[in-house]
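Residues take their numbers from the sequence shown, with the count starting at 1.
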Amino acid sequence: IVLGFLCLEKKVILISTRQALLLDCCELLKSLLFPFDLCAPYVPHLTQPFMSCLEFPGATFVGIHDNGQAKNGLANIVRTSIPEDSIIVELDSGEINCDG
(Lines give C-alpha, C1' and ligand atoms only; values in the text may rest on other atoms or scores of the structure.)
Protein backbone atom coordinates (compact mmCIF):
# COMPACT_ATOMS: atom_id res chain seq x y z
CA ILE A 1 0.00 0.00 0.00
CA VAL A 2 2.72 2.45 0.98
CA LEU A 3 4.76 1.69 -2.12
CA GLY A 4 1.65 2.33 -4.21
CA PHE A 5 1.20 5.74 -2.62
CA LEU A 6 4.83 6.58 -3.40
CA CYS A 7 4.29 5.55 -7.03
CA LEU A 8 1.16 7.71 -7.16
CA GLU A 9 3.22 10.63 -5.85
CA LYS A 10 1.23 11.23 -2.67
CA LYS A 11 2.47 12.58 0.65
CA VAL A 12 3.86 9.67 2.67
CA ILE A 13 4.73 10.25 6.33
CA LEU A 14 6.38 7.53 8.41
CA ILE A 15 6.32 7.90 12.22
CA SER A 16 8.24 5.80 14.75
CA THR A 17 9.66 6.03 18.25
CA ARG A 18 12.82 4.27 17.02
CA GLN A 19 15.08 6.37 14.81
CA ALA A 20 16.97 3.40 13.36
CA LEU A 21 13.74 1.68 12.28
CA LEU A 22 12.50 4.92 10.76
CA LEU A 23 15.61 5.46 8.67
CA ASP A 24 15.78 1.81 7.58
CA CYS A 25 12.14 1.81 6.46
CA CYS A 26 12.54 5.08 4.55
CA GLU A 27 15.61 3.77 2.74
CA LEU A 28 13.96 0.41 2.05
CA LEU A 29 10.86 1.97 0.50
CA LYS A 30 13.00 4.32 -1.56
CA SER A 31 15.13 1.43 -2.85
CA LEU A 32 12.05 -0.66 -3.72
CA LEU A 33 11.11 1.95 -6.31
CA PHE A 34 14.11 0.92 -8.42
CA PRO A 35 14.42 1.19 -11.44
CA PHE A 36 12.37 4.34 -10.94
CA ASP A 37 13.57 7.39 -9.03
CA LEU A 38 11.73 9.18 -6.27
CA CYS A 39 10.82 12.61 -7.64
CA ALA A 40 9.37 13.88 -4.35
CA PRO A 41 11.33 15.71 -1.68
CA TYR A 42 12.81 13.01 0.59
CA VAL A 43 13.48 13.84 4.25
CA PRO A 44 14.08 10.67 6.30
CA HIS A 45 14.31 12.66 9.55
CA LEU A 46 12.02 15.69 9.50
CA THR A 47 12.52 18.19 12.31
CA GLN A 48 10.23 20.93 13.60
CA PRO A 49 11.98 23.84 11.80
CA PHE A 50 11.39 22.13 8.44
CA MET A 51 7.76 21.17 9.11
CA SER A 52 6.65 23.56 6.37
CA CYS A 53 7.78 21.04 3.74
CA LEU A 54 4.60 19.08 4.59
CA GLU A 55 2.65 21.98 3.07
CA PHE A 56 4.40 21.46 -0.27
CA PRO A 57 1.66 21.13 -2.92
CA GLY A 58 3.14 18.00 -4.47
CA ALA A 59 4.36 14.69 -3.18
CA THR A 60 6.68 14.39 -0.19
CA PHE A 61 8.27 11.43 1.56
CA VAL A 62 9.27 12.11 5.16
CA GLY A 63 10.08 10.28 8.35
CA ILE A 64 9.23 11.73 11.76
CA HIS A 65 10.78 10.53 15.01
CA ASP A 66 8.18 10.40 17.80
CA ASN A 67 10.16 11.44 20.85
CA GLY A 68 7.18 11.08 23.18
CA GLN A 69 6.59 14.78 23.86
CA ALA A 70 3.02 15.32 24.98
CA LYS A 71 1.24 17.86 22.77
CA ASN A 72 3.97 19.97 21.24
CA GLY A 73 5.99 17.19 19.58
CA LEU A 74 6.13 17.14 15.80
CA ALA A 75 4.64 13.65 15.56
CA ASN A 76 1.60 14.65 17.63
CA ILE A 77 1.11 17.85 15.63
CA VAL A 78 1.10 15.86 12.39
CA ARG A 79 -1.25 13.21 13.83
CA THR A 80 -3.82 15.81 14.90
CA SER A 81 -3.71 17.84 11.70
CA ILE A 82 -3.09 15.36 8.90
CA PRO A 83 -1.94 17.20 5.77
CA GLU A 84 -4.31 16.95 2.81
CA ASP A 85 -3.74 14.03 0.41
CA SER A 86 -1.39 12.26 2.77
CA ILE A 87 -0.85 8.83 4.27
CA ILE A 88 0.58 8.42 7.76
CA VAL A 89 2.26 5.11 8.57
CA GLU A 90 2.73 4.33 12.27
CA LEU A 91 5.66 1.91 12.14
CA ASP A 92 5.41 0.88 15.79
CA SER A 93 1.75 -0.17 15.67
CA GLY A 94 1.45 -0.99 11.94
CA GLU A 95 -1.45 1.43 11.45
CA ILE A 96 -1.97 3.35 8.22
CA ASN A 97 -4.06 6.53 8.29
CA CYS A 98 -5.20 8.13 5.04
CA ASP A 99 -6.76 11.51 4.39
CA GLY A 100 -7.94 12.29 0.88
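Criterion: ILVMFWY side-chain heavy atoms under 4.5 Å apart, direct or through other members. Under it, Leu21 and Val12 are part of a common hydrophobic cluster. Under a hydrophobic clustering in which Ile, Leu, Val, Met, Phe, Trp and Tyr are joined whenever their side-chain heavy atoms come within less than 4.5 Å, directly or via other members, Leu38 and Phe36 fall into different clusters. At a threshold of 4.5 Å between side-chain heavy atoms, the hydrophobic network of Ile, Leu, Val, Met, Phe, Trp and Tyr places Val43 and Phe56 in two separate groups. Linking ILVMFWY side-chain heavy atoms closer than 4.5 Å, directly or via other members, places Leu32 and Ile87 in a single hydrophobic cluster.
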Set out, in order, the CA-CA distance, both residues' side-chain angles and the distance that settles side chain to side chain contact (heavy atoms under 4.5 Å, CB included) for Phe61 and Leu14, then state yes or no.
CA-CA 8 Å; Phe61 181 34; Leu14 274 57; 3.7 Å; yes

Checking His45 against Leu23 for the side chain to side chain contact (heavy atoms under 4.5 Å, CB included) test, could you report, in this order, the C-alpha distance in whole Å, the side-chain angles of both residues, the deciding distance, and whether it holds?
CA-CA 7 Å; His45 186 103; Leu23 181 60; over 6 Å; no

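Residues Arg18 and His65 fail the side-chain proximity criterion, which asks for heavy atoms closer than 4.5 Å. Looking only at side-chain heavy atoms (C-beta outward), Ile77 and Gln48 come within less than 4.5 Å of each other. A 4.5 Å side-chain heavy-atom check between Asp66 and Ser16 finds every atom pair outside the cut-off. Inter-residue side-chain proximity for Pro44 and Val62 is flagged as unmet; no heavy-atom pair is nearer than 4.5 Å. Within the 4.5 Å cutoff, the side chain of Phe5 has no heavy atoms near those of the Ser86 side chain.
The CG atom of Asp24 lies 11.5 Å from the CD atom of Gln19; values are rounded to the nearest 0.5 Å. Between atom OH of residue Tyr42 and atom CG of residue Asp37 there is a gap of 13.0 Å, rounded to the nearest 0.5 Å. The CG atom of Leu8 sits 11.0 Å away from the CG atom of Asp85 when rounded to the nearest 0.5 Å.
Residues Leu22 and Ile15 share a closest heavy-atom pair of CD1-N, 4.2 Å. Minimum interatomic distance between Ala59 and Pro41 (heavy atoms only, all atoms of both residues): O-CD, 3.0 Å. Lys11 and Leu54 make their closest contact through CE-O, 3.0 Å (heavy atoms, listed as atom of the first residue, atom of the second, distance).
Within 6.0 Å of atom CG in Leu28, more than 12 heavy atoms from other residues, nucleotides or ligands are found, so the atom counts as buried in its surroundings.
In summary, the side chains of Thr17 and Asp92 do present a donor paired with an acceptor at a separation below 3.5 Å, with no hydrogens or angles considered.
No donor-acceptor pair under 3.5 Å is formed between the side chain of Lys10 and the backbone N or O of Gly4. In this structure, Ser81 contributes its side chain and Val78 its backbone to no donor-acceptor pair below 3.5 Å.
Evaluated for a side chain to side chain contact (heavy atoms under 4.5 Å, CB included) with Val89, the options Ile13, Leu29, Val2 yield exactly one hit, Val2.
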